[in-house]
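Being a predicted model, the structure only gives us computed values, none of them experimental.
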Amino acid sequence: MAERREELIILSDQANDKVEQAIKSAELLLYSFRDEIAEGRCDYAYNSIRELLPFVVKIASFDGDRNQSCSVPVDIEQTNLYTDNIKDNQSTDQLFYLNSMFIPALEEWVFLLNHDVGIEDDTDIQHMVLGLSITQLITSEAFRSPYEGMEIAIVNDNGIVFGSQLNTEVDKDLLNRAQTKNDTVIGIYEDDSGQHYDRILSPVRGQDIFMMSSRPSPGILSEFTLRPATVVGIPVMVFLVALIAVWFAVDRSVLKWFRPLRRMAVAFAGGNYNYKAGNDFAKAPPEIQRLSTTLERMADRIGARDKELRKAIDTRDAAVKEIHHRVKNNLQIVTSFVSLQTRAVKDNESKRVLSAVRHRIDALSIVHQTLYRHERLETVHMQPFFDALLYHLRDALGMEEDNVALIWNIDEVERHSDDAIPIALFVLEAVTNAMKYAFDINGGTIWVDLKSTEKNIVLNIQDNGAGADTKTSIGLGSKLMQAFARQLRANHQHGTNEKGYWVELQIPHRKI
C-alpha cells in the first residue's frame with residue numbers, strides 16, 4: 001500500500017509540474033501578446049498562441065468600464081466572464097490570476113488566466129483573459145499514466161472533477177484538508193458499488209485548483225492477501241524466520257551504530273559543530289568509523305564557514321547602521337539650515353512653509369534613527385518609533401504652549417522598514433492639520449492609536465476640536481496623506497464623530 005501510494009504521489013507531482021508548465025507558458029504568451037490584444041487584435045493573438053499552445057480555446061479583452069473589446073473565437077457576455085468570476089487584481093500583488101469556470105458558448109470548463117494592463121497609473125485599464133481547455137489539457141498525451149489502472153484528473157475548489165472516468169466527485173473532508181494544509185493529502189474513496197480507491201490531492205495554484213491521482217485499492221480480501229496465504233504460506237514463514245535472524249545480525253553489526261550517529265547529527269543540526277564522538281565508535285566496523293570521522297571533518301569546515309558568514313553579516317549590519325546614522329545626521333544638518341533660513345525670512349507665510357518642511361525632515365530623521373538602533377535592520381518596532389516621533393511633534397509644534405494634550409497608545413507591532421517613512425509622514429500631516437484647524441484658544445486633545453487586528457494594522461488619529469475646515473480637504477497636507485495611504489496600499493478614511501474629527505488608515509499585513 002505504501003508503494004502504491006508513493007506511485008500516486010510521484011504521478012501527481014509530475015502532473016502538477018506539467019500543469020504548472022502549461023500555465024507558465026500561457027502566462028508568458030499572454031504577456032508577450034498583450035499589446036496586440038489591447039489593440040483589439042484578439043484573432044491574431046489567438047491564432048499565434050494556438051500554434052505554440054494548442055490548449056488555448058479563448059482570448060478576450062475588456063476595457064476599464066468592463067466592456068468587452070474583443071473576443072475570439074466566440075463572444076461571451078461580460079457578466080459571465082468578468083463580473084462574477086474575476087478577482088480585482090488591483091487589490092493583490094499578483095501579475096496573473098487563475099480561476100476556472102464553465103463557458104456555455106464553448107461547452108466546456110476552462111482555466112481562465114487573467115491579466116491587467118495599466119494598473120500603475122489607474123488609467124486605461126485593460127483586462128485580458130486567456131482560456132485553457134481543462135479537458136484538452138488533462139486528456140493530452142503528456143498526462144497519460146504509465147501505471148495500470150491509474151488516472152490523473154483536476155479538481156477545482158468547489159469539488160468539481162475534470163478528466164476522470166473513475167471518480168466524479170471528491171470527498172469534502174479530503175478537499176477541506178487539502179485547502180487547509182495547502183499541501184498533498186492522501187485519502188480513500190468508496191463509490192456506490194463499494195469499490196475503494198486510493199486518492200491523492202495536491203494543490204496546483206494556492207488553494208484553488210488541485211491535481212488528483214487515483215487508482216482502485218485492492219483492499220484486504222483480495223488476491224494480494226488470499227493467494228499468498230494459501231499458496232506460499234510456509235515459504236513465507238521460513239523467510240520471516242530468516243529475516244529475523246538477518247535483522248538480529250544487522251542490528252548487532254550496523255544498526256546500533258546509528259544511535260551515536262544520530263546524536264552526532266542532532267548536535268550538528270543544532271549548530272554545535274564542535275561536538276566529538278570520542279570513543280563511541282571505538283568498536284564500530286571500519287566503515288562506520290570512517291563515516292564518523294568524515295562527519296566530524298565536515299562539521300569543522302561548516303563551523304569555520306559559519307563563523308565567516310556570521311562575521312560578514314555583522315560587518316554588513318554595522319555598515320548599514322552606520323549609513324542610517326549618517327543619513328540621520330545629514331538630515332539634522334538640513335533641518336538646521338532650514339531653521340536658519342526660517343529666521344532670516346520676514347514673511348509669516350514663508351516661515352510657516354519652511355517650518356512644515358523642517359517637521360517633515362525631522363520625521364525622516366527619526367525613521368533613520370530608529371532603524372540604526374534596531375537589531376533587525378529590515379523591520380521597525382512601532383512602539384519606540386512612535387514614542388520618538390510623537391515626543392518630537394509635541395515639542396516641535398508647541399502643543400503645551402497651546403494647551404493641547406497628545407495621547408498615544410501603540411501596540412507591540414513590527415513593520416517592514418520600507419513602510420516606516422510613509423507612516424511617519426502620514427502621522428506628521430494628520431497631527432499638524434489637527435493643530436492648524438481643530439482648536440481654539442482653549443486647546444484640546446489629540447489621540448493616536450495603533451492596533452493590530454487579524455487582517456490589518458489600524459492607525460487612528462482623533463481630536464476633540466471643532467473639526468477640520470472643509471478647505472483643508474484639497475490642501476497639500478491632505479494630498480500628501482492620500483499619497484502615503486496609496487504607497488502603503490492602505491484604506492484611507494476620515495470623518496467626524498461625537499468627539500471631533502478623525503482620520504484612519506487600515507494597513508494590510510505584510511510578510512517580513
Side-chain angles (χ1 to χ4, degrees), residues 18-137 140 154 156-157 204-206 208-209 482-483 485-492 508:
K18 293 174 183 176
V19 171
E20 284 284 0
Q21 184 178 359
I23 294 173
K24 289 292 184 183
S25 299
E27 290 177 352
L28 179 60
L29 291 171
L30 180 58
Y31 188 81
S32 300
F33 286 89
R34 67 189 186 280
D35 293 337
E36 287 79 359
I37 299 174
E39 294 171 358
R41 299 166 60 196
C42 288
D43 52 349
Y44 171 77
Y46 176 77
N47 294 328
S48 301
I49 294 175
R50 283 270 298 179
E51 293 180 2
L52 302 172
L53 202 64
F55 309 131
V56 175
V57 294
K58 179 66 186 173
I59 289 181
S61 176
F62 300 88
D63 60 22
D65 296 326
R66 300 186 175 183
N67 297 319
Q68 186 170 272
S69 302
C70 64
S71 178
V72 176
V74 294
D75 290 338
I76 295 175
E77 295 182 6
Q78 75 173 67
T79 54
N80 290 337
L81 190 60
Y82 194 102
T83 307
D84 299 330
N85 297 282
I86 306 302
K87 290 185 177 179
D88 186 1
N89 288 349
Q90 300 181 56
S91 64
T92 69
D93 294 330
Q94 299 181 30
L95 186 61
F96 297 93
Y97 174 72
L98 183 72
N99 71 327
S100 61
M101 68 172 290
F102 182 78
I103 300 182
L106 298 176
E107 296 184 349
E108 63 177 315
W109 282 84
V110 297
F111 285 144
L112 290 181
L113 189 64
N114 306 279
H115 175 51
D116 281 346
V117 177
I119 296 178
E120 294 181 358
D121 55 5
D122 292 332
T123 60
D124 297 330
I125 296 177
Q126 192 80 13
H127 184 86
M128 302 176 183
V129 178
L130 184 147
L132 294 173
S133 170
I134 297 179
T135 303
Q136 295 180 30
L137 179 64
S140 64
I154 291 179
N156 67 7
D157 56 350
V204 176
R205 277 291 177 98
D208 297 333
I209 300 171
Q482 294 173 4
R486 285 196 299 270
Q487 185 176 351
L488 294 166
R489 296 182 180 177
N491 182 17
H492 178 208

Please indicate whether Glu39 has more than 12 foreign heavy atoms, meaning atoms of other residues, nucleotides or ligands, lying under 6.0 Å from its CD.
-> yes
Any side-chain heavy-atom pair from Leu28 and Ser32 closer than 4.5 angstrom?
-> yes
Considering only heavy atoms from C-beta outward, does the side chain of Ile154 approach that of Phe111 to under 4.5 Å?
-> yes
Between [atom1] on residue [X] and [atom2] on residue [Y], distance to nearest 0.5 Å:
{"X": "Glu27", "Y": "Asn114", "atom1": "CD", "atom2": "CG", "result": "10.5 Å"}
{"X": "Leu130", "Y": "Ile49", "atom1": "CG", "atom2": "CD1", "result": "5.5 Å"}
{"X": "Ser48", "Y": "Leu29", "atom1": "OG", "atom2": "CG", "result": "9.5 Å"}
{"X": "Phe33", "Y": "Asn47", "atom1": "CZ", "atom2": "CG", "result": "10.0 Å"}
{"X": "Ile23", "Y": "Leu30", "atom1": "CD1", "atom2": "CG", "result": "13.0 Å"}

Where do [X] and [Y] come nearest, in terms of heavy atoms and distance?
{"X": "Gln136", "Y": "Phe55", "result": "O-CE2, 3.6 Å"}
{"X": "Arg34", "Y": "Met128", "result": "O-CE, 2.9 Å"}
{"X": "Val57", "Y": "Leu132", "result": "CG2-C, 4.3 Å"}
{"X": "Ile37", "Y": "Ala45", "result": "CG1-CB, 3.7 Å"}
{"X": "His115", "Y": "Tyr31", "result": "NE2-CD1, 4.0 Å"}
{"X": "Pro508", "Y": "Ala490", "result": "CD-CA, 4.1 Å"}

